[in-house]
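This report refers to the structure that appears directly beneath it.
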Amino acid sequence: MSSIEQLETLRNAELYDDCKILAEFILVLDECGKEYLTNEQRLIVYRCLSDATWLLHEYNLAESYLKKTLHTYKQIEKNDKNTTEPDWVIESKYRQHICLLKLNRSKEALTILESIPFHQRSAKINLALGQCYQKVGGSNPEAINAFRECLKQNPNTFSAYTSLLALGVKLNDLLHTHPSAASIHHENQAQQPTPITISPLVRQTWYRTLLQADACSVNREFSEASRLYQQIDAQYLPQSTYVLCQLGYTQYLNGDYGQALHSLQRAQQIDPLLLKRMDILAFLTYSECKDNSLEKLVNHFMSLGDQHSETWIAIGYYWLKRMNKPTRTVYLAQKAYALDNTKIQALLLKGLALFKLKRYSDSLVHYKEAVRLVPYCFEGYKGVVDGYLATSRLSDANMFITNAVRTNLKENVRAYTLCGQVLAKEASSLDKARVYLEKALSLNSKYTDAIISLAEVYGQLKQQQKSIDLLKEHMQTNNDPRIRQLLIESLMKSGSNEEMLQQVVRNFPTCHFERLEREMNDDSSLDGGRFDTGNMGDLDRMGDDVMNYSGEHYSDDDL
């Protein structure tokens, strides 16, 4: 039996480490001239090496050997350009594109996929092609056409439907088409759209509702998306981790941290091995939980292995909250980002840790990168604004958040509230602050931070009665003690009689009322409004007090 045949037995037996070692020996003998290989034999060796390194997840080596495999194949078949490429060549190109994506070489990955002849592109290839067009920011028509071809070949490809929705294809165009001859209109009228077949699943109520929820999510209608996911969870798919993860994600983006935490915890309980959205669960546990839930979460992720970015993100939040070591968190967040540079939670975590270390410029860099990657995630914008304010760049903070509510955060109540809070820091822009805060309440009339901030702005504008009326309106339905406390302050400043004050504080702890009375008698108290005395970190859970830790230091170089 020749060495080539022995090599193939190792590959077929799935002994990939040994296959890799023997293949390298054979190539060395060939290069030294001691065992000459023909092109056909060299092709077999490269195929064995590419299979072994691919299955061992050694993507750098796998990409190199796949490239050599395809090059050797072209040398053998160079005299017959019309030959249909074998299936293994198509699979090799697909694998090479995966390797290139892992190595952050998206444009090269797209080029490899485009080299596959059109008539040999399977549903898998077309789906990958569409995703590559999206990743490199190519023209939407090409991506739409690729996803359309995917649905033509396999109409049950759910990710193709959601990708088309993300590219701006209207849901009605997907749902209200003839089941056997549906088409999505291509923007390039010179190229006729290819008919596709719509999955029979679309006729199912639960499937249509799921598509509607995903459509709302990609259109950034997070409140409506959350409502639809909740409906699916309650009526159709009560144990679906996909639905719960999507529900938790939209609730998180909508600022409903408590509900998002509950949804993602349910998903994890159903599937303890789940990793999707678990980086967000780590942040929510850090933000919302007062017990040892974060420590339990870290221990759980560690049991799943340390090759996942979610594990390091959770550990980073643990070191930040329980150990008070932001220097260590910086290192852990960088490690998480190195494992997966699409996880903005790694950037948000590192930005937060750097902010606590008062490295504001470095913090800004990471928060801005998070905004670039996910331009509809509020936490990134909040971090940038905090960084600007910490470095006394109020005009930059104003410009940044004002531009955000006009572009990427048009219907985001937290963004409008933050914009109003920043504008309220200058007496000359109080009227503008009032407009943005009133807009925030028009988006969500129960949002407590907007209520409190608007009441304070009314007070600074000497419109004390408006402030009192607003707080009275919400005091009956909102249990937040800050509203009642601010109402008492406003009543005392306006000189209201004792009977009215007693009516307000009837169910309010006496100690708070007595403290407020003492503060009102102090000339230095309540002077200038809260916006001048508080820091923006007080307005959001992301901005805890800066820890002054002087122990060990870590940097990105520690990787």
> Are Leu101 and Cys132 close enough, and set up right, to give a side-chain contact (heavy atoms from CB on, under 4.5 Å), and what steps lead you there?
Replying inline: CA-CA 9 Å; Leu101 288 180; Cys132 272; 4.3 Å; yes
>> For Lys276, is the NZ atom crowded, meaning more than 12 foreign heavy atoms sit under 6.0 Å from it?
In response: yes
>> Using side-chain heavy atoms (C-beta onward) and a distance below 4.5 Å, is Leu389 in contact with Leu394?
In response: yes
> Can you name the closest pair of heavy atoms from Thr329 and Gly316 and give their distance?
Replying inline: OG1-O, 3.0 Å
>> Side chains of Leu441 and Leu470, heavy atoms from C-beta outward: is any pair under 4.5 Å?
In response: yes
> Between the side chain of Thr311 and the main-chain N/O of Gln307, is any donor-acceptor distance below 3.5 Å?
Replying inline: no
> Please walk me through it: do Glu224 and Asn219 pass side-chain contact (heavy atoms from CB on, under 4.5 Å)?
Replying inline: CA-CA 10 Å; Glu224 179 63 11; Asn219 290 327; over 6 Å; no
> With distance as the sole test, does Ser429 use its side chain to make a donor-acceptor pair with the main-chain N or O of Leu423 at under 3.5 Å?
Replying inline: yes
> Which atom pair, heavy atoms only, marks the closest approach of Ala267 to Leu274?
Replying inline: CB-CD2, 3.8 Å
>> Could you tell me if the side chain of Arg220 sits less than 4.5 Å from the side chain of Asn408, heavy atoms only?
In response: yes
> Is a side-chain N or O of Asp256 found less than 3.5 angstrom from the main chain of Gln259, in a donor-acceptor match?
Replying inline: no
>> If you apply the rule side-chain contact (heavy atoms from CB on, under 4.5 Å), what do you find for Tyr337 with Lys350, and how did you get there?
In response: CA-CA 9 Å; Tyr337 186 72; Lys350 189 173 180 182; over 6 Å; no
> Do Tyr447 and Tyr416 have ring centres separated by under 6.0 Å?
Replying inline: no
>> Set out, in order, the CA-CA distance, both residues' side-chain angles and the distance that settles side-chain contact (heavy atoms from CB on, under 4.5 Å) for Tyr331 and Trp319, then state yes or no.
In response: CA-CA 11 Å; Tyr331 164 73; Trp319 279 85; over 6 Å; no
>> Could you check whether Asp386 and Tyr367, counting side-chain N and O atoms only, form a donor-acceptor pair closer than 3.5 Å?
In response: no
> Looking only at heavy atoms, what is the nearest atom pair of Tyr229 and Ser217, with distance?
Replying inline: OH-CB, 4.1 Å
> Between CG of Leu352 and OH of Tyr317, what distance do you get to the nearest 0.5 Å?
Replying inline: 6.5 Å
>> Return the CD to CG distance between Glu108 and Leu103, rounded to the nearest 0.5 Å.
In response: 9.0 Å
> Does the side chain of Leu244 come within less than 4.5 Å of Leu264's, by heavy atoms?
Replying inline: no
>> Any side-chain to backbone donor/acceptor pair from Ser453 onto Ala450? Under 3.5 Å, distance only.
In response: no
> Hey, what's the ring geometry for Tyr388 with Phe400, parallel, tilted or perpendicular (30° and 60° as the breaks)?
Replying inline: perpendicular
>> What's the separation between atom CG in Asp306 and atom NE2 in His308, rounded to the nearest 0.5 Å?
In response: 8.5 Å
>> I'd like to know if the side chain of Ser442 reaches the main chain of Lys439, judged simply by a donor and an acceptor atom lying under 3.5 Å from each other, with no hydrogens or angles considered.
In response: yes
> Is there a side-chain contact between Tyr133 and Glu114, using heavy atoms and a 4.5 Å cut-off?
Replying inline: yes
>> Please determine whether a side-chain nitrogen of the Lys or Arg among Lys382 and Glu379 lies less than 4.0 Å from a carboxylate oxygen of the Asp or Glu.
In response: no
> Under 3.5 Å, side chain of Asn299 to main-chain N/O of Glu295, donor-acceptor pair present?
Replying inline: yes
> Under 3.5 Å, is there a donor-acceptor pair between the side chain of His300 and the main chain of Pro272?
Replying inline: yes
> Is there a donor-acceptor pair closer than 3.5 Å between any side-chain N or O of Lys321 and the backbone N or O of Tyr286?
Replying inline: yes
>> Looking at Thr157 and Ala160, would you say the former's side chain and the latter's main chain have a donor-acceptor pair under 3.5 Å?
In response: no
> Does atom NE2 of His262 have more than 12 heavy-atom neighbours, drawn from other residues, nucleotides or ligands, at distances under 6.0 Å?
Replying inline: no
>> Are the side chains of Phe378 and Leu418 in contact, using a 4.5 Å heavy-atom criterion?
In response: yes
> Do the charged groups of Glu310 and Lys343 touch, with an N to O distance under 4.0 Å?
Replying inline: yes
> Without hydrogens or angle criteria, can the side chains of Asp469 and Gln465 be said to hold a donor-acceptor pair below 3.5 Å?
Replying inline: yes
> About how many Å separate SG of Cys216 and CZ of Arg227, when rounded to the nearest 0.5 Å?
Replying inline: 8.0 Å
> Which heavy atom of Thr250 sits nearest a heavy atom of Leu247, and at what distance?
Replying inline: OG1-O, 3.0 Å
>> I'd like to check Lys410 versus Val405 (side-chain heavy atoms, cut-off strictly below 4.5 Å). Are they in contact?
In response: no
> Where is the tightest heavy-atom contact between Leu437 and Gly420, given as atom of each residue plus distance?
Replying inline: CG-CA, 3.9 Å
> With distance as the sole criterion, is a donor-acceptor pair present between the side chains of Gln231 and Thr209 under 3.5 Å?
Replying inline: no
> Does the side chain of Ser223 pick up a donor-acceptor pair with the side chain of Asn254 at under 3.5 Å?
Replying inline: yes
> Ring centroid separation for Phe283 and Tyr257, is it under 6.0 angstrom?
Replying inline: yes
>> I'd like to know if Asp480 pairs up with Lys446 as an ion pair, taking the criterion as any Lys NZ or Arg NE/NH1/NH2 lying under 4.0 Å from an Asp or Glu carboxylate oxygen.
In response: no
> In Å, rounded to the nearest 0.5 Å, how long is the span from CG of Asp279 to CD1 of Ile313?
Replying inline: 4.5 Å
> Hey, does the side chain of Thr111 reach the backbone of Lys107 with a donor-acceptor pair shorter than 3.5 angstrom?
Replying inline: yes
> Is there side-chain contact between Gln334 and Trp312, with at least one heavy-atom pair below 4.5 Å?
Replying inline: no
> To the nearest 0.5 Å, what is the distance between CD (Gln251) and CD (Gln246)?
Replying inline: 11.5 Å
> What is the minimum heavy-atom distance between Tyr59 and His57, and which atoms define it?
Replying inline: OH-ND1, 3.1 Å
